[in-house]
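All residue numbers refer to positions in the sequence shown, counting from 1.
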Amino acid sequence: MRLKVTKIVFLSLFVLVAAGIFNLSVIQGNKFKRLSNRNCIRLLPQLGARGKILDRNGEIIADNYLTYDVMVMPQKKEEVSGMIAGISRVLGSRPDQLKEKFRSGYQASFLPVIIEKNIDIKKAIAIEELKNESPGIIIQPHPLRRYPHGELACHVLGYLNEIDGKRLAKLADSGYNARDIVGFTGVEEKYDYFLRQQDGALSVEVDHRGKFMRVLGYRPPQSGNDLQLTLDLRVQKVVEEKMAGRTGSVIIMDPSSGEIIAMASSPGFKPSAFINKSGPYIARLFKDPDSPLINRSISGVYPPASVFKTVIASAGLDSGKINLNTTFFCPGHLKVGRRDFACWDTHNQQNLNQAIAHSCDVFFYRSGLLLGAQGIHDYALKFGLGKQTQVDLPYEVNGFVPSPLWKRMVRLQNWFDGDTANFSIGQGDLLVTPLQIARLISVFANGGFMVTPYIVKKIDGHNTSAGHKKEARIPIKDSVLANVNKGLRQVVADTEGTANILSGLTVSVAGKTGTAQAPRGQPHAWFAGYFPYNDPKYAICVFLEHGGSGYASCVLTKQIIEEMALEGLI
């Protein structure tokens, strides 16, 4: 009986062992095979190159250059020491420094350790020759972003940096990972998905202790897509050279298509500093009170001052509140309620064209009061103010167009006629971006169309312009725009016009000046116009923060147009 029980026990144990072996080898065999492969095969990333950025003529604005990282596979202690000794002789470095880099960079026995970064090609070739005796040495090509023109077009380009938590949370589902290098601001950020490279991989075999055995396979990296911009670097250089030392923005665009030919914001910054990890320089950028990282063209908001009179003139004619024969007398001021509103000069009797040319505040105070605050608000919206232009750059702001309802609901105050008078000359709570003004003035240059400004023309050689061109006819009579157009020409052509300094240029210019009161410091200076007058090819907006007066912007406009003509760019 006891023997029988013993046989049953042993038989049961045998069945259990056999079942366990069957489960491991057959039922879960594939699972454990995969785990085994993972234990012996490691994938080492191979870095790809980010897509290039070109101007409209194919000139490189941003590309990449190859540097080389020196890596060693963790082997036996004496093997690592031998490899480091050979590498140190080529690099001219002290072996103990490289050993310290090895110790601090070590993560696992199967992962190579970077002991030197960004060496040149000559040293890389010399170290490569050491691999005959030390196969654990790896030379890893490492593409780095290059900006050959320094600060030129820096706000359009943006810069690269390691992904932060906010961006990672937003982009994780698109394949982005911690420590990825991504675009910050400009087209580097807006088009990061297209510019981003696809990294390759090197498949290596390691033994059960993680020691490198052999290379199994290689998947080459793929470069990102190239972008071709609408910018003309020749014009951009002219603009930035003339803008040097000033604070503000200059935009030149095609008024019919919305293509941005030049966009400069000053002060600027060096995008390469973020590649080179220039810590002190970057710290100064973030602390600088002039905010050099902000693109004033699309993220800065300011009162438009007298440039806004183009809206008041159009609204007055279109609504029938004034006509070409309407005149108002300017004694140099106008009493509205209990307050006396000054004009910058005494203009006497003025009709619309004269008032535009001379920028007579009194004429526009009276015109604005006839329109009423709500009427001004509604026409400002028709001209695209108070909302983004939808340019393909990140961090564009809306600006702001006030209204009586807003003041009552938000500020809990009533709207008075004095507010309307201030509103009529582009002051008060009205805020715009320079790009909104460039688009506004383009309406008069192109015959009444609201264009969508854009900066990217081609992606990987495929023309994307059609996707940007969202032209919309503004609901204002052609005759109204034509008459305001004549007034804008008189701003330059009239001997007493506020932009008469531009009359001596080889190309005819039309436009409007503006001097905007600022809460601190000198007034802001504006000029917005287009040229040639009879066949406009360019719209221009010149804004100088605390520039003093619209005249200062006219001087800069003159310098830019003269240089463009001298270089055959007009």
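Y302 and F543 have tilted rings, their planes meeting at an angle from 30° to 60° on a 0 to 90° scale. H524 and H546 have tilted rings, their planes meeting at an angle from 30° to 60° on a 0 to 90° scale. By the 30° and 60° cut-offs, the orientation of the rings of Y365 relative to F341 is perpendicular. Using a 30° and 60° split on the angle between ring planes, Y159 and F184 fall in the parallel class, below 30°.
If you run salt bridge (Lys or Arg N to Asp or Glu O under 4.0 Å) between E259 and each of K457, K537, K458, only K457 comes through.
To the nearest 0.5 Å, atom NZ of residue K309 and atom OG of residue S424 are 10.0 Å apart. With rounding to the nearest 0.5 Å, the separation of CG in D494 from CD1 in I356 is 12.0 Å. In this structure, OH on Y395 lies 9.5 Å from OG on S299, to the nearest 0.5 angstrom. The OG1 atom of T515 sits 9.0 Å away from the CD atom of Q427 when rounded to the nearest 0.5 Å.
Under 4.0 Å is where a charged nitrogen must lie from a carboxylate oxygen, and between K190 and D392 no such pair does. Ion pairing between R234 and E59 fails under the 4.0 Å rule for side-chain N and carboxylate O. Using a cut-off of 4.0 Å between Lys/Arg side-chain N and Asp/Glu carboxylate O, K166 and D164 are scored as not salt-bridged.
Judged by the 6.0 Å and 45° rule, K270 forms a cation-pi pair with Y281. A cation-pi geometry, defined here as NZ or CZ lying under 6.0 Å from the six-membered ring centre and within 45° of its normal, does not hold between R366 and F364.
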*Going through the checks in order, is the side chain to side chain contact (heavy atoms under 4.5 Å, CB included) test met by Q436 and T389?*
CA-CA 7 Å; Q436 287 174 336; T389 67; 3.9 Å; yes

*asked:* Run K52 and D226 through salt bridge (Lys or Arg N to Asp or Glu O under 4.0 Å) and show every step you take.
replied: CA-CA 5 Å; K52 297 192 290 290; D226 294 344; 3.5 Å; yes

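Aromatic ring centroids of F269 and H155 lie under 6.0 Å apart.
Atom CD1 of I294 has 12 or fewer neighbouring heavy atoms from other residues, nucleotides or ligands inside a 6.0 Å radius. Other residues, nucleotides and ligands contribute more than 12 heavy atoms inside 6.0 Å of the CD atom of Q374.
In the model, H347 has no side-chain atom that pairs as donor or acceptor with a side-chain atom of Q354 under 3.5 Å.
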